[in-house]
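Computed over heavy atoms, backbone and side chain alike; hydrogens, waters and symmetry mates excluded.
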Amino acid sequence: MRERFVMAVDQGTTSTRAVLVDRHGTIRGMAQEELRQYYPQPGWVEHDPVEIWESTLRVMRTVLAQTGTDASQVAALGLTNQRETTVVWERATGRPLYRAVVWQSRQTADLCQKLQQTPGVPELVRARTGLVIDAYFSATKIRWLLDHVPGAQARAEAGELLFGTIDAWLLWNLTGGRVHATDVTNASRTMLYNIRDLRWDDDLLRLLAIPAPMLPKVCPTSGFFGELDPRWLDGARIPVAGMAGDQHAALFGQHCFTPGTAKNTYGTGCFLLMQTGAQPVWSRHGLLTTVAWAIGDAVEYALEGSVFVAGAAVQWLRDELGLIATAAETEALAQSVASTGGVYVVPAFAGLGAPYWDMDARGAVFGLTRGTSRAHLVRAVLESLAYQTRDVLEAMVKDAGIALQRLRVDGGAAANNFLMQFQADILGVPVERPVHAETTVLGAAFFAGLAVGFWQSRDEIASLGGTERVFLPQMPSAERERLYRGWLDAVSRTRSVRP
Ligand SMILES: Nc1ncnc2c1ncn2[C@@H]1O[C@H](COP(=O)(O)OP(=O)(O)O)[C@@H](O)[C@H]1O
Ligand SMILES: O=P(O)(O)OC[C@H](O)CO
């Protein structure tokens, strides 16, 4: 019998990739395409939903062709995606109403400010959704789309328009327009979903006048979502058997199966999630409460610190400042100097996320002298990723009441050895990088594979993979605290309202 695989797709902020995973959890092939970014106004970020769908189909076909695999060898398909990014499309034609409004986009900051100032609303949002009011989440993006496109509100009320995060948009297309569904993790990022009762929240829908007929059905993360339209992959009716937001998939892909285990993903942004078990933990220190995943009836929760700009600051050095040619060269450049020479970069390009939640903060560079060089600036950018992670981890330890034993890491910038060592130093905890760096897409494969019996249990999944390298803290604690105090001072100077 020919070998069987699980296919998984990771539709991220900057690229779309498809992989084939074998029974040993090894990625046997990968195809990837970059995604075009649109910045129509300062602070706005948009994607083309049709490009997202077409690139997804292309990478799925390419990975099969590259590895000489027949679609009939694919046991299941798992999807994982950039979260919160919002698409509204026509039920009848599948045509998007507008571009996808990306999670980073700030076009609803004014509306969020109004909601924040409405008595009782911030508490309501927190209690029902586990989130804080911010332009980051889908709810106000839907409101903006319905206001911005003439006639959209009435059409949505008549059931002519559908909303989905990227998972739902892809599922709709993959199933040939037959299934309109999302998974619990993605729903938990909309600011419309009640994470305790596990249903769309009528009070929040009313508050934002969002018509219920446009919302997708919410399903468990691992389970049957629908079947691939046979038009797409040589007639194969592959079951879509797992869907999860990318940070939730990474948490699963990193085997964070027990409460207190945590991972940090260094991609465009930085997302630190700690699994907290079957009961939600409500943050008092600026973190989010979110659904980790639902497998069958069993729901587990996580605490999350979302940092909006991480690897994106490295891209800024490359694309806007022209200081580097590739992201990878930042490692050697940072190591070429002993310190930043007192320079701090606060990359608050899209405001500040956790734990500050300051939509109007803006980026700044502090401590420049005549001797500041390119290497100092590059190093300060890398260090900012580590400092932002410490901000989040401090809040997490307070909220969860557990000190972290080690931090598991992944994402594009986790390849940077300087950054990982500095991270261990600034946290004072070991940083552990897995053998399989592609933990997000693996997590999606695991969710789908568990649903169809490709893998039998979490225990079996936990036995796959291992640790590639551990970075141990080496910095004296007085130095660690001195550097971190400098960071806190720099951050406080970027705030729109001084704390
Ligand atoms: N060696 C490196 N050092 C620092 N940053 C890097 C390195 N390699 C990639 N990056 C950054 O990581 C990001 C890409 O990571 P990835 O996990 O693919 O992101 P996403 O899923 O958000 O699209 C980019 O922002 C890039 O600047
Ligand atoms: O696509 P990434 O990896 O930048 O992740 C985006 C996050 O899901 C946004 O919440």
With side-chain contact (heavy atoms from CB on, under 4.5 Å) as the test, would you mind laying out the steps for V309 and W316 before giving the verdict? CA-CA 10 Å; V309 175; W316 170 71; over 6 Å; no
Give a yes or no on whether the ring-centroid distance for F257 and F252 is below 6.0 angstrom. yes
Does a side chain donor of either W293 or S222 reach within less than 3.5 Å of an acceptor in the other side chain? no
Please check this pair: side chain of E329 against backbone of T326, looking for a donor-acceptor N/O pair closer than 3.5 Å. yes
Establish, from distance only, whether the side-chain atoms of R189 and S138 form a donor-acceptor pair under 3.5 Å. no
Among H47, Q104, E46, side chain to side chain donor-acceptor pair (under 3.5 Å) partner for Q37: H47
Note, W144 side chain near T86 side chain (heavy atom, < 4.5 Å): no
Could you work out, with salt bridge (Lys or Arg N to Asp or Glu O under 4.0 Å) as the rule, every residue matching R379, not counting sequence neighbours? E383
With a 3.5 Å distance limit and no angle check, can you tell me whether Y301 reaches the backbone of I195 through a side-chain donor-acceptor pair? yes
Any donor-acceptor pair under 3.5 Å linking the side chain of T85 with the backbone of V102? no
Donor-acceptor pair, side chain of E460 and main chain of Q456, under 3.5 angstrom: yes
Residues that T190 engages under side chain to side chain donor-acceptor pair (under 3.5 Å), provided they are two or more places apart: none
Using a distance-only test with no angle check, is there a side-chain donor-acceptor pair under 3.5 angstrom linking T439 and D410? yes
Would W357 and L352 satisfy side-chain contact (heavy atoms from CB on, under 4.5 Å), going step by step from the backbone distance to the final call? CA-CA 5 Å; W357 300 107; L352 285 167; over 6 Å; no
Can you name the nearest heavy-atom pair linking F137 to V132, along with the distance? CE1-O, 3.1 Å
Distance-only donor-acceptor check, side chains T16 and T56, under 3.5 Å: no
With a 4.5 Å limit on heavy-atom distance, are the side chains of I52 and Q11 in contact? yes
Once rounded to the nearest 0.5 Å, what's the spacing between atom OG1 of T165 and atom CG of L170? 9.5 Å
Are any side-chain N or O atoms of R17 and backbone N or O atoms of M30, one a donor and one an acceptor, separated by less than 3.5 Å? no
Would one find more than 12 heavy atoms of other residues, nucleotides or ligands at under 6.0 Å from atom CZ of R199? yes
Rounding to 0.5 Å, atoms OG1 (T140) and CG (L145) come to a distance of 10.0 Å
Answer yes or no: is there a donor N or O on one side and an acceptor on the other, between the side chain of T467 and the main chain of R469, under 3.5 Å? no
To check you understand the geometry: which heavy-atom pair defines the closest contact between D360 and S496, and what is its length? CB-CB, 3.5 Å
Side chain proximity check, Y136 to R106, heavy atoms < 4.5 angstrom: yes
Kindly give the heavy-atom pair with the smallest separation between A375 and V337, and that separation in Å. CB-CG1, 3.8 Å
Just verifying a value: how many Å separate E481 CD and L488 CG, rounded to the nearest 0.5 Å? 9.5 Å
By side-chain contact (heavy atoms from CB on, under 4.5 Å), D22 pairs with (sequence neighbours left out) E3, F5, H24, T26, R28
Closest non-hydrogen atom pair, L303 against S283: CD2-CB, 4.1 Å
Side chain to side chain donor-acceptor pair (under 3.5 Å) involving T330 - partner list, sequence neighbours excluded: N416
Can you tell me how far the CG atom of L288 sits from the CG atom of D399, to the nearest 0.5 Å? 10.5 Å
Quick check against the 3.5 Å criterion: does R480 have a side-chain atom that pairs as donor or acceptor with the backbone of D425? yes
With a 4.5 Å heavy-atom cut-off, do Q423 and T389 have their side chains touching? yes
As a quick check of understanding, evaluate side-chain contact (heavy atoms from CB on, under 4.5 Å) for F418 and V378, giving each step before the final call. CA-CA 12 Å; F418 164 78; V378 166; over 6 Å; no
Would the number of heavy atoms belonging to other residues, nucleotides or ligands and lying under 6.0 Å from CD of Q279 be above 12? no
Is the backbone of A244 close enough, under 3.5 Å, to the side chain of T80 for a donor and an acceptor to pair up by distance? yes
Would you say Q113 has more than 12 foreign heavy atoms packed within less than 6.0 Å of its CD? yes
Keeping the roles fixed (side chain from E51, backbone from R36), state whether a donor-acceptor pair exists under 3.5 Å. yes
Heavy-atom nearest pair, S188 first then L131, reads O-CD1, 3.6 Å
pair P216-F163: side-chain heavy atoms closer than 4.5 Å: yes
Side chains of D183 and T185: is there a donor and an acceptor less than 3.5 Å apart? yes
N417 side chain to Q421 side chain, donor-acceptor N/O pair below 3.5 angstrom: no
Are Y484 and E394 packed together at the side-chain level, in the sense that at least one heavy-atom pair is separated by less than 4.5 angstrom? yes
Hey, is the main chain of F271 close enough, under 3.5 Å, to the side chain of S306 for a donor-acceptor pair? no
Does the distance from a Lys or Arg side-chain N to an Asp or Glu carboxylate O, for E123 and R126, drop under 4.0 Å? no
Could you check whether R485 pairs with D489 (Lys NZ or Arg NE/NH1/NH2 to Asp/Glu carboxylate O, under 4.0 Å)? no
Student check: side-chain heavy atoms of D391 and W487 closer than 4.5 Å: yes
Do we see a donor-acceptor contact under 3.5 Å between the side chains of R408 and H255? no
Pair D10-T440, side-chain donor/acceptor within less than 3.5 Å: no
Cut-off 3.5 Å, no hydrogens considered: what does the side-chain donor-acceptor table look like for residues 114-122, sequence neighbours left out?
from	atom 1	to	atom 2	distance (Å)
Q116	NE2	I133	O	3.1
T118	OG1	K114	O	2.7

Pairwise distance CG(L427) to CZ(F422) - rounded to 0.5 angstrom: 10.0 Å
side-chain contact (heavy atoms from CB on, under 4.5 Å) filter on A139, not counting sequence neighbours, yields M191, L192, L208
Test item: side-chain donor near acceptor, K141 and Q107, under 3.5 Å: no
More than 12 heavy atoms of other residues, nucleotides or ligands under 6.0 Å from CG of D297: yes or no? no
Checking I27 against H436 for the side-chain contact (heavy atoms from CB on, under 4.5 Å) test, could you report, in this order, the C-alpha distance in whole Å, the side-chain angles of both residues, the deciding distance, and whether it holds? CA-CA 8 Å; I27 292 179; H436 299 304; 5.8 Å; no
Exactly one of V307, L272, V409 should register a side-chain contact (heavy atoms from CB on, under 4.5 Å) with Y266. Which one does? V409
Is there a side-chain contact between N186 and R83 in this structure, where contact means two heavy atoms from C-beta onward sitting under 4.5 Å apart? yes
Correct closest heavy-atom pair for A354 and G286 would be CB-O, 3.6 Å
CD of Q82 to CG of D167, rounded to nearest 0.5 Å, is 10.5 Å
